[in-house]
Number of protein chains: 2
Amino acid sequence: MPDPTTDLLWGARPTATRGPRPTLTVADIAGAAIAVADADGLPAATMQRVAERLGVTKMALYRYVPGKDELVAVMIDTALGEAPEPCADGWRACLRRWTHAIYDRFTTHPWTTEATVGPRPIGPNELTWLERALVALADTPLAGSEALDTVATLAGHARAIAQQWAAATNPEAAIHRSFAQLVEGREDRFPALARALADPGGQGQALDFGLDRVLDGIELLVANRSSGR
Amino acid sequence: MPDPTTDLLWGARPTATRGPRPTLTVADIAGAAIAVADADGLPAATMQRVAERLGVTKMALYRYVPGKDELVAVMIDTALGEAPEPCADGWRACLRRWTHAIYDRFTTHPWTTEATVGPRPIGPNELTWLERALVALADTPLAGSEALDTVATLAGHARAIAQQWAAATNPEAAIHRSFAQLVEGREDRFPALARALADPGGQGQALDFGLDRVLDGIELLVANRSSGR
DNA sequence: AGGTATCTGTGTCCGTCGGAAACAGTTTAT
DNA sequence: ATAAACTGTTTCCGACGGACACAGATACCT
């Protein structure tokens with residue numbers, strides 16, 4: 001049973017011979033939708049606005065894409081783009097670069113952080129990203145499921161931090177301010193939070209901080225496995 | 001300038017004296033909406049269905065709630081519930097319990113994982129959760145911003161893992177299978193992934209695995225700070 | 001008491017969304 | 001030349017969030 005979404009993502013489209021030449025491609029539509037989402041957010045990427053941008057009617061898009069969900073799936077895989085090449089600098093450096101790279105994608109297309117939540121059809125690009133991270137862990141003594149969990153943790157962290165960026169132009173400061181505004185006048189109720197927010201340092205270090213902690217933890221596990229057991 | 005959402009979440013509602021007795025409360029509405037979302041997902045929690053469940057018209061809800069977004073905000077704060085009491089077993093055990101507790105909330109109300117993405121109005125319950133985690137880190141040499149980043153990492157991890165749960169009744173196996181299905185026949189393209197998926201062990205360990213790695217990493221940092229510099 | 005301001009719940013209406021269905025025009029295979 | 005197949009458009013629908021005007025209920029004020 002061929003899933004239309006899977007076919008679309010994995011390029012199993014039957015090429016037609018008869019009939020008028022299509023004026024669009026799925027890539028065109030995905031590109032237009034991504035442009036709209038980049039500019040005005042994912043909710044603004046309606047079929048209507050995407051069609052307008054391409055100079056066609058809304059319903060014309062349904063000749064190329066089965067529905068909105070499938071379009072979003074293609075958008076995600078396109079926005080993530082090609083995964084970085086395999087690297088040979090040791091697993092830690094590679095995973096660090098990998099996490100920075102996917103963080104870069106998340107921040108370049110802020111809507112991807114909300115679009116990639118929950119179970120959804122996975123495209124070839126996304127699967128290649130996963131593959132590349134697992135390759136980096138291949139020469140460690142980690143079990144397969146542990147490697148998968150590691151990558152999930154890293155990707156989750158990158159997405160979580162990128163989501164804070166998605167707020168305003170000056171992100172971390174903005175989220176800082178909004179919290180501070182809430183705590184103001186309630187310092188007795190949230191003393192630890194008030195104290196933490198009073199710390200001015202470490203702006204913009206959120207990604208690397210968590211990343212280095214996770215990598216330290218992995219390194220510890222790898223070291224333990226390599227020695228005793 | 002009073003923000004209606006903030007007022008609603010933080011209980012600054014002006015109590016009316018004249019006019020008919022209200023038949024509902026904001027808590028009633030939030031409860032009904034949560035029940036619908038728990039049963040059929042967040043998209044099913046429309047004003048219509050929530051109103052039906054309460055035996056009133058859709059528009060009656062707008063007497064209590066400014067709009068859908070504000071209702072979702074109240075839903076989130078209600079579903080998260082009261083944060084666990086402060087604990088005195090050392091920061092590591094406390095953070096571990098904290099992460100398990102918030103993971104429990106995420107899985108009890110699966111829609112919260114998608115609802116708590118991105119910047120949004122924060123309620124008192126959610127802020128108390130944050131406060132409690134920071135309290136656990138209060139006696140460590142971590143800076144305020146580092147403590148905040150730590151909590152963000154832990155919460156992000158719990159949410160990421162809970163999202164996989166949200167898929168089916170047998171969650172991790174399901175996501176495993178869907179990946180395996182994609183890799184099938186493409187093992188040459190995704191060799192590391194094929195190998196990792198072949199590992200049968202470690203099902204259902206994703207939360208603790210990542211959690212322990214992060215905590216190990218934090219512990220290392222704490223140790224380094226406490227000794228040398 | 002009676003009037004009146006105020007609040008509640010309802011009914012009606014609108015714009016926008018994703019999508020179904022029928023249609024006309026265009027191109028290729030027979 | 002004719003028929004099949006495909007494209008893009010038009011029209012239509014139900015569901016959604018929400019604005020607005022209304023009728024009924026309640027408590028304050030004189």
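Below, chain A is the first sequence line, B the second, and so on; all start at residue 1.
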*Quick one: do Asp149(A) and Arg213(B) make a salt bridge, cutoff under 4.0 Å?*
no

*Arg186(B)/Glu131(A) ion pair, N-O < 4.0 Å*: no

_Nearest 0.5 Å, please: how far is CZ in Arg195(B) from CD in Glu187(B)?_
12.0 Å

*Give a yes-or-no answer on whether the side chains of Arg159(A) and Thr116(A) include a donor-acceptor pair shorter than 3.5 Å.*
yes

*Could you grab the distance from atom CG of Leu61(A) to atom CD of Gln48(A), nearest 0.5 Å is fine?*
9.5 Å

*asked:* Within this structure, what is the OG1-CZ distance for the pair Thr128(A) and Arg189(B), rounded to the nearest 0.5 Å?
replied: 5.5 Å

Could you go over nucleotides 28-30 of chain D and give all protein N or O partners under 3.5 Å, atom names and distances?
unit_1, atom_1, unit_2, atom_2, d
dC28(D), OP1, Thr17(B), OG1, 3.2

*Boundaries of the chain A footprint along DNA chain C (any atom under 4.0 Å from a heavy atom)*: dC17(C) to dA29(C)

*Contacts to DNA chain C from residues 41-65 of chain B, heavy-atom cutoff under 4.0 Å, which residues?*
Val56(B), Thr57(B), Met59(B), Ala60(B), Arg63(B), Tyr64(B)

*Please examine the side chains of Phe179(A) and Leu130(B), heavy atoms only from C-beta on, and report whether any two atoms are closer than 4.5 Å.*
yes

*N/O donor-acceptor pair under 3.5 Å between Trp129(A) side chain and Gly81(A) backbone*: yes

*asked:* Rounded at 0.5 Å granularity, tell me how far CG in Leu127(B) sits from CZ in Phe190(A).
replied: 4.5 Å

*Check whether more than 12 heavy atoms from other residues, nucleotides or ligands sit under 6.0 Å from atom CD of Glu52(A), and answer yes or no.*
yes

*Nearest nucleotide by nearest heavy atom, which residue falls closer to the 5' end of DNA chain D, Arg21(B) or Lys68(B)?*
Lys68(B)

